[in-house]
*Asks:* 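Sending over a structure as structure tokens; questions will come in a sec.
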Amino acid sequence: MSLVIVGSVAFDSIETPRRRVERVLGGSAVYASMAACYQTPVRLIGVAGEDFTSEYIDLIKMENIDITGLEIVEEGKTFFWSGRYGDNPNERETVVTELNVFENFRPALPGGWEKSEWLFLANIDPELQLDLLNQFKGEPFVGCDTMNFWIEGKPGVLSKVLQRVNLLFINDSEARELSRETDLIRAARTILKMGPDIVVVKKGEHGAFMMTEDFLFISPAYPVENLLDPTGAGDSFAGGVFGFLASNGDINEKNLRRSMIYGTVLASFTCEDFSVGSIRNINLDMIKERFNRIVDYVKIDKEET
Ligand code: AMP
């Protein structure tokens with residue numbers, strides 16, 4: 001089933017202890033769409049500037065990604081983000097965020113997309129997330145991601161978005177900031193009271209957990225041996241979760257648990273190269289193989305009691 005993804009389309013400059021890359025393709029919508037498209041058709045909504053030349057557009061165009069909703073603004077400059085990592089890949093410093101074409105962007109749902117059943121609001125200004133949500137005619141299953149930049153900058157509108165979200169993805173430090181709780185389990189419980197039915201807390205190389213009123217599911221991270229750049233891992237995680245859920249169609253505990261492992265797998269591929277170098281060049285068999293490896297890594301018999 002079709003999945004609409006709105007988020008940033010970006011040029012990223014990234015510094016890691018091993019290498020520095022300048023103005024490579026990035027953005028939350030780009031990573032999430034590429035991760036999801038192996039399992040379901042994706043309809044991408046975003047904006048870029050005149051500097052977003054055909055070589056970048058060709059990179060985004062994949063078999064299962066419809067880019068009708070990607071607006072190119074004449075004389076505009078593409079969103080730019082720059083980040084720096086030290087030896088701990090879980091800690092990153094944002095050096096620059098230039099909103100550029102996002103400052104005046106109003107997302108518009110192309111005709112025929114209003115009744116899509118799945119919507120993922122990737123990390124982007126919550127005002128734009130709300131705007132897009134309001135354009136839907138049906139009642140899509142809504143996922144959302146956000147970050148400290150918006151938790152601190154637009155808490156009021158973010159809280160309105162959260163009231164309409166089914167599944168929220170958030171990383172550990174942002175969960176603490178949003179809930180004002182230091183204990184992550186308490187933080188997740190507090191966030192559930194803000195609106196979402198399901199919350200996924202991502203902990204980088206320490207895995208992720210999913211909490212609902214009914215269950216808690218804990219996933220390890222996939223053991224990546226050659227981590228080059230974790231940028232986009234969170235977006236790819238969410239794309240992997242939504243790609244599986246949308247392809248399957250049913251939201252139930254079994255599928256939600258499985259979706260967490262798909263998210264984990266897609267995030268692991270993104271970390272193995274800069275930009276979309278890895279995530280763009282995989283296939284469903286490779287994804288399933290890693291899925292099964294994780295299942296083997298955590299398999300254990302119950303004790304008799
Ligand atoms: P992640 O590593 O999953 O948190 O995502 C990193 C991606 O998010 C990069 O490609 C950035 O271009 C994009 N990004 C960073 N800051 C923002 C922001 N404030 N709004 C939207 N996208 C952002």
Side-chain angles (χ1 to χ4, degrees), residues 5-16 21-36 44-49 52 56 59-60 77-85 89-103 105 107 120-129 132 143-154 157-158 161 168-175 200-205 208 221 224 227-242 263-264 266-280:
I5 296 182
V6 64
S8 57
V9 173
F11 287 142
D12 291 344
S13 289
I14 291 152
E15 192 181 326
T16 72
V21 293
E22 301 286 345
R23 295 177 70 78
V24 292
L25 175 63
S28 57
V30 170
Y31 283 112
S33 300
M34 286 189 184
L44 183 147
I45 297 186
V47 64
F52 203 77
Y56 294 100
L59 267 181
I60 297 187
K77 272 175 74 184
T78 300
F79 175 92
F80 174 73
W81 177 80
S82 141
R84 187 183 295 139
Y85 298 86
N90 277 13
E91 284 172 16
R92 103 173 149 205
E93 181 195 345
T94 288
V95 183
V96 179
T97 302
E98 285 174 13
L99 294 177
N100 296 331
V101 284
F102 268 101
E103 277 185 74
F105 176 58
F120 178 55
L121 307 166
N123 179 27
I124 191 183
D125 184 335
E127 287 194 39
L128 302 182
Q129 293 179 322
L132 193 80
C144 175
D145 190 5
T146 191
M147 72 185 298
N148 49 0
F149 190 81
W150 308 116
I151 295 171
E152 290 153 24
K154 301 213 173 166
V157 62
L158 180 61
V161 174
L168 176 72
F169 296 91
I170 192 157
N171 77 22
D172 42 7
S173 61
E174 290 153 2
V200 170
V201 178
K202 299 166 291 172
K203 300 184 292 171
E205 63 180 342
V224 172
L227 187 142
L228 278 187
D229 174 20
T231 304
D235 311 312
S236 307
F237 188 105
V241 166
F242 258 70
T264 300
L266 271 305
S268 74
F269 281 113
T270 283
C271 294
E272 289 178 338
D273 204 343
F274 284 88
S275 183
V276 296
S278 176
I279 190 89
R280 200 184 180 286

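Read the numbers this way: they start at 1 and go in the same order the structure lists the ligands and their atoms.
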*Asks:* Would you mind listing each N/O atom of ligand 1 next to any protein N/O under 3.5 Å, plus the distance?
*Replies:*
residue: ligand 1; atom: 2 (O); partner: Arg92; partner atom: NH1; Å: 2.9
residue: ligand 1; atom: 2 (O); partner: Gly232; partner atom: N; Å: 2.7
residue: ligand 1; atom: 3 (O); partner: Gly234; partner atom: N; Å: 3.0
residue: ligand 1; atom: 3 (O); partner: Asp235; partner atom: N; Å: 3.1
residue: ligand 1; atom: 3 (O); partner: Asp235; partner atom: OD1; Å: 3.4
residue: ligand 1; atom: 3 (O); partner: Asp235; partner atom: OD2; Å: 3.0
residue: ligand 1; atom: 4 (O); partner: Arg92; partner atom: NH2; Å: 3.0
residue: ligand 1; atom: 5 (O); partner: Asp235; partner atom: OD2; Å: 2.7
residue: ligand 1; atom: 10 (O); partner: Asp12; partner atom: OD2; Å: 2.5
residue: ligand 1; atom: 10 (O); partner: Gly27; partner atom: N; Å: 2.7
residue: ligand 1; atom: 12 (O); partner: Asp12; partner atom: OD1; Å: 2.7
residue: ligand 1; atom: 22 (N); partner: Ser8; partner atom: OG; Å: 2.8

*Asks:* Under the side chain to side chain donor-acceptor pair (under 3.5 Å) rule, collect the residues that match up with Arg280, sequence neighbours excluded.
*Replies:* none

*Asks:* Report the residues that fulfil side chain to side chain donor-acceptor pair (under 3.5 Å) with Glu272, sequence neighbours left out, ordered by chain and then residue number.
*Replies:* Arg290

*Asks:* Look only at the side chain of Asn90 and the backbone of Glu205, and say whether a donor-acceptor pair between them is shorter than 3.5 Å.
*Replies:* yes

*Asks:* I need the Glu127 CD to Leu132 CG distance, nearest 0.5 Å.
*Replies:* 14.0 Å

*Asks:* Mind checking side chain to side chain donor-acceptor pair (under 3.5 Å) for Ser173 and listing every partner two or more places apart, or none if nothing turns up?
*Replies:* Asn171

*Asks:* Looking at side-chain heavy atoms only, is the closest gap between Ser8 and Phe102 below 4.5 Å?
*Replies:* yes

